[in-house]
Asks: 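Quick one: the structure is below, and I'll ask about it shortly.
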Amino acid sequence: MTALSDLAFDPWDPAFVADPYPAFAELRSRGRVHYYEPSDQWLVPHHADVSALLRDRRLGRTYRHRFAHEDFGRAPHPPEQEPFHTLNDHGMLDLEPPDHTRIRRLVSKAFTPRTVERLKPYVCGLADDLVDRLVAAGGGDLLRDVAEPLPVAVIAEMLGIPESDRGPLRPWSAEICGMYELNPSEETAAKAVRASLDFSDYLRGLIAARRKEPGEDLISGLIAAHDEDDRLTEQEMISTCVLLLNAGHEATVNATTNGWLALFRNPDRLAALRADHSLVPSAVEELMRYDTPLQLFERWVLDEIELDGTVLPRGAEVALLFGSANHDPAVFTAPDRLDLTRRDNPHISFSAGIHYCIGAPLARIELAASMRSLLERAPALRLVAEPRRRPHFVMRGLEELTVET
């Protein structure tokens with residue numbers, strides 16, 4: 001265990017947020033687990049440990065299925081934040097079995113390989129349309145014009161959200177996701193609460209409409225589940241829809257912009273990709289590893305564990321550093337090199353264990369579709385302005401990525 005007072009890990013420092021990977025290398029060199037007082041967490045930076053702990057049932061995304069707040073020495077959430085926590089705590093990402101198992105079993109029916117493969121023509125067609133508009137305009141903001149609208153439209157289509165209602169989805173999502181950063185401010189919490197209320201109210205109305213007039217969408221499918229073991233409460237349904245929308249696009253948006261920025265800054269790799277589009281599948285995997293869109297994932301210690309001689313007591317919170325794990329030289333040869341031909345690439349950008357990303361196959365299709373469209377329809381795409389990075393560590397992405405075609 002290492003004290004972090006003399007290390008460069010500082011998730012609120014813009015220089016660290018701009019490039020956290022040198023600090024991760026130092027963390028890995030100094031040990032397998034480090035206590036970080038500002039967030040009261042144990043940081044785990046090595047791939048083997050992160051991968052193992054994601055699968056270790058002595059840790060959980062929540063503790064409320066077994067313990068009260070008082071058992072963990074934690075204060076209940078402030079009452080004014082309750083709308084956010086009600087929404088968040090009923091989604092399967094923050095549930096443990098048996099509730100997690102019940103909800104995931106039902107939702108997974110919409111993400112089978114066959115179902116996702118059927119979406120491919122729609123995804124590819126939408127990607128082509130978005131890129132064609134970018135080319136017709138001579139360029140623009142790759143985030144706003146391509147990276148963002150593609151996955152938002154796909155998951156909204158799956159849920160059955162009418163196109164005319166989709167405008168607020170991304171802002172609601174961004175404000176809710178602000179609460180997943182370390183030590184969010186009161187202002188961030190207030191925005192998340194408001195977005196949680198507005199999003200929940202909208203979905204409550206949409207669910208009521210689908211009860212009266214079912215469609216072919218996922219919400220109608222969730223309503224139609226007749227097995228008592230699978231049936232969702234209305235709150236579980238609302239929370240599931242919000243989770244699917246947030247998780248269904250947030251990482252994909254950031255992976256797209258992070259990935260293209262990495263390509264622009266490695267012009268020889270971009271040239272190789274332009275010359276050989278068969279590299280797209282391995283490029284998608286490598287870009288998700290190289291600049292990881294979700295840098296940190298948290299777990300609660302439900303039963304005491306020992307890591308490298310350090311006892312992590314029940315009630316401790318563990319921060320699994322995905323970005324660091326994805327640059328671990330024990331697993332990846334030359335991890336700081338962007339290698340679009342990398343074959344042995346066990347990155348953990350989609351997590352692992354029972355909380356492995358249910359939408360990973362769809363995300364891969366979306367990322368490959370937008371990449372292929374940009375390579376084919378905008379072969380001279382270039383960066384024209386230094387991008388602005390979002391001032392967040394956990395969800396790593398850009399504010400904008402201005403390009404010309």
Side-chain angles (χ1 to χ4, degrees), residues 39-42 50 53-69 71-72 74-79 81-108 111 155 172-184 188-189 192-193 195-197 199-200 203 222 230 232-251 293-303 314-320 322 348-360 392 394-395:
S39 62
D40 190 21
Q41 293 173 319
W42 295 88
V50 171
L53 292 176
L54 284 170
R55 297 169 170 84
D56 195 320
R57 300 309 302 141
R58 292 174 296 176
L59 281 74
R61 277 291 293 173
T62 183
Y63 54 79
R64 295 300 302 281
H65 60 306
R66 287 180 52 185
F67 304 103
H69 289 303
D71 297 323
F72 269 35
R74 306 278 167 174
H77 301 302
Q81 294 181 13
E82 196 53 45
F84 164 79
H85 291 289
T86 295
L87 180 65
N88 183 72
D89 295 352
H90 285 81
M92 62 182 170
L93 184 61
D94 281 80
L95 290 172
E96 291 295 306
D99 288 329
H100 171 271
T101 308
R102 172 175 54 86
I103 297 174
R104 188 175 178 109
R105 182 171 58 236
L106 185 58
V107 175
S108 66
F111 290 92
I155 197 66
W172 283 339
S173 173
E175 291 180 351
I176 289 169
C177 288
M179 287 292 279
Y180 305 137
E181 295 298 322
L182 299 180
N183 300 354
T188 297
V193 166
S196 298
L197 289 168
F199 207 163
S200 296
L203 286 170
L222 294 175
D230 276 346
L232 304 186
T233 67
E234 183 176 73
Q235 183 58 60
E236 287 173 339
M237 198 175 301
I238 290 169
S239 296
T240 296
C241 291
V242 171
L243 172 63
L244 290 175
L245 182 92
N246 292 354
H249 83 275
E250 192 72 32
L294 178 64
Q295 289 281 319
L296 178 154
F297 211 50
E298 296 163 334
R299 288 285 194 276
W300 293 100
V301 178
L302 305 178
D303 295 298
R314 188 182 79 182
E317 191 174 27
V318 176
L320 305 174
F322 284 14
I348 53 174
S349 300
F350 289 119
S351 191
I354 68 168
H355 289 290
Y356 179 78
C357 178
I358 198 171
H392 304 136
V394 175
M395 294 188 174

Asks: Compare every heavy atom of Ser239 with every heavy atom of His90, then report the nearest pair and how far apart it is.
Replies: CB-OG, 3.3 Å

Asks: Just verifying a value: how many Å separate Leu95 CG and Leu243 CG, rounded to the nearest 0.5 Å?
Replies: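 One gets 9.5 Å once the value is rounded to the nearest 0.5 Å.
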
Asks: Which pair of non-hydrogen atoms, one from Val394 and one from Leu296, has the smallest distance, and what is that distance?
Replies: CG1-O, 3.7 Å

Asks: Just so I know, are the side chains of His65 and His100 near enough to count as touching, which here means a heavy-atom distance under 4.5 Å?
Replies: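 The answer is no; the side chains never approach within 4.5 Å.
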
Asks: Not counting sequence neighbours, which residues clear side-chain hydrogen bond (donor to acceptor under 3.5 Å, both in side chains) with Arg66? List them please.
Replies: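 Here the qualifying residues are Asp303.
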
Asks: Do Arg61 and Arg299 have side chains that get closer than 4.5 Å, going by heavy atoms?
Replies: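 Of all side-chain heavy-atom pairs linking Arg299 with Arg61, at least one is under 4.5 Å.
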
Asks: What closest approach, in Å, do Ala192 and Met179 show between heavy atoms, and which atom pair accounts for it?
Replies: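 Heavy atoms only, the tightest pair is CB-CG, 3.3 Å.
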
Asks: Under the side-chain hydrogen bond (donor to acceptor under 3.5 Å, both in side chains) test, which residues partner Thr188, sequence neighbours left out?
Replies: Ser185

Asks: Can a side-chain donor-acceptor contact be found between Ser173 and Asn246 if the only test is distance below 3.5 angstrom?
Replies: yes

Asks: Please list, chain by chain and in numerical order, all residues satisfying salt bridge (charged side-chain N to carboxylate O under 4.0 Å, His left out) with Asp89, sequence neighbours excluded.
Replies: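 Partners of Asp89 by the salt bridge (charged side-chain N to carboxylate O under 4.0 Å, His left out) criterion come out as none, since no residue qualifies.
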
Asks: Between CD of Glu298 and CD of Glu317, what distance do you get to the nearest 0.5 Å?
Replies: 4.5 Å

Asks: For Cys357, check side chain to side chain contact (heavy atoms under 4.5 Å, CB included) against everything at least two apart and list the hits.
Replies: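 Side chain to side chain contact (heavy atoms under 4.5 Å, CB included) check on Cys357 returns Phe350, Ala360.
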
Asks: For the residue pair Asn88 and Gln81, establish whether any side-chain heavy-atom pair is separated by less than 4.5 Å.
Replies: no

Asks: Measuring from Thr240:OG1 to Gln235:CD, what's the distance to the nearest 0.5 Å?
Replies: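 If I round to the nearest 0.5 Å, the distance is 9.5 Å.
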
Asks: Quick one: list whatever passes side chain to side chain contact (heavy atoms under 4.5 Å, CB included) with Glu175, sequence neighbours left out.
Replies: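 Once residues adjacent in sequence are excluded, the partners of Glu175 under the side chain to side chain contact (heavy atoms under 4.5 Å, CB included) criterion are Lys191, Ala195.
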
Asks: Taking all heavy atoms of Pro184 and all of Gly178, pick out the closest pair and write down the distance.
Replies: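 Where Pro184 meets Gly178 most closely, the heavy atoms are CB-O, 4.0 Å.
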
Asks: Under the side-chain hydrogen bond (donor to acceptor under 3.5 Å, both in side chains) rule, collect the residues that match up with Thr62, sequence neighbours excluded.
Replies: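 Once residues adjacent in sequence are excluded, Thr62 has no partner under the side-chain hydrogen bond (donor to acceptor under 3.5 Å, both in side chains) criterion.
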
Asks: Atom NE2 of His249 and atom CD1 of Ile155: how far apart are they, to the nearest 0.5 Å?
Replies: 10.0 Å

Asks: Could you give the distance from CG (Leu87) to OG (Ser200), rounded to the nearest 0.5 Å?
Replies: 4.5 Å

Asks: Taking only Lys NZ, Arg NE, NH1 and NH2, and the carboxylate oxygens of Asp or Glu, determine whether Asp99 and Arg64 approach each other closer than 4.0 Å.
Replies: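 Salt bridge absent between Asp99 and Arg64.
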
Asks: Excluding sequence neighbours, so at least two apart, what forms side chain to side chain contact (heavy atoms under 4.5 Å, CB included) with Glu234?
Replies: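 Expected list: Arg204, Ile238.
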
Asks: Got a second to check how far Arg74's CZ is from Asp40's CG, nearest 0.5 Å?
Replies: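 Going from CZ on Arg74 over to CG on Asp40, the span is 5.0 Å.
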
Asks: Can you name the side-chain hydrogen bond (donor to acceptor under 3.5 Å, both in side chains) partners of Glu96, sequence neighbours left out?
Replies: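 In terms of side-chain hydrogen bond (donor to acceptor under 3.5 Å, both in side chains), with neighbours along the sequence ignored, Glu96 is linked to Arg57, His355.
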
Asks: Sequence neighbours excluded, which residues qualify as ring-ring contact (aromatic ring centres under 6.0 Å, His included) partners of Phe322?
Replies: Phe297

Asks: Can you list everything that forms a salt bridge (charged side-chain N to carboxylate O under 4.0 Å, His left out) with Arg104? Sequence neighbours excluded, please.
Replies: none

Asks: Taking only residues two or more places apart in sequence or in another chain, which ones pass ring-ring contact (aromatic ring centres under 6.0 Å, His included) with Phe72?
Replies: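 Residues passing ring-ring contact (aromatic ring centres under 6.0 Å, His included) with Phe72: Tyr63, Phe67.
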
Asks: Mind running side chain to side chain contact (heavy atoms under 4.5 Å, CB included) on Trp42 and Val301 for me, showing each step along the way?
Replies: CA-CA 10 Å; Trp42 295 88; Val301 178; over 6 Å; no

Asks: So, for Phe111 and Ile358, which heavy atoms are closest and what is the spacing to 0.1 Å?
Replies: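 Taking every non-hydrogen atom into account, CB-O, 3.7 Å.
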
Asks: How far apart are the closest heavy atoms of Cys177 and Met395, and which atoms are they?
Replies: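 Answer, listing the atom of Cys177 first, then Met395: CB-SD, 3.7 Å.
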
Asks: Could I get the full list of side chain to side chain contact (heavy atoms under 4.5 Å, CB included) partners for Ala68, not counting sequence neighbours?
Replies: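 Ala68 satisfies side chain to side chain contact (heavy atoms under 4.5 Å, CB included) with Glu70, Asp71 only.
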
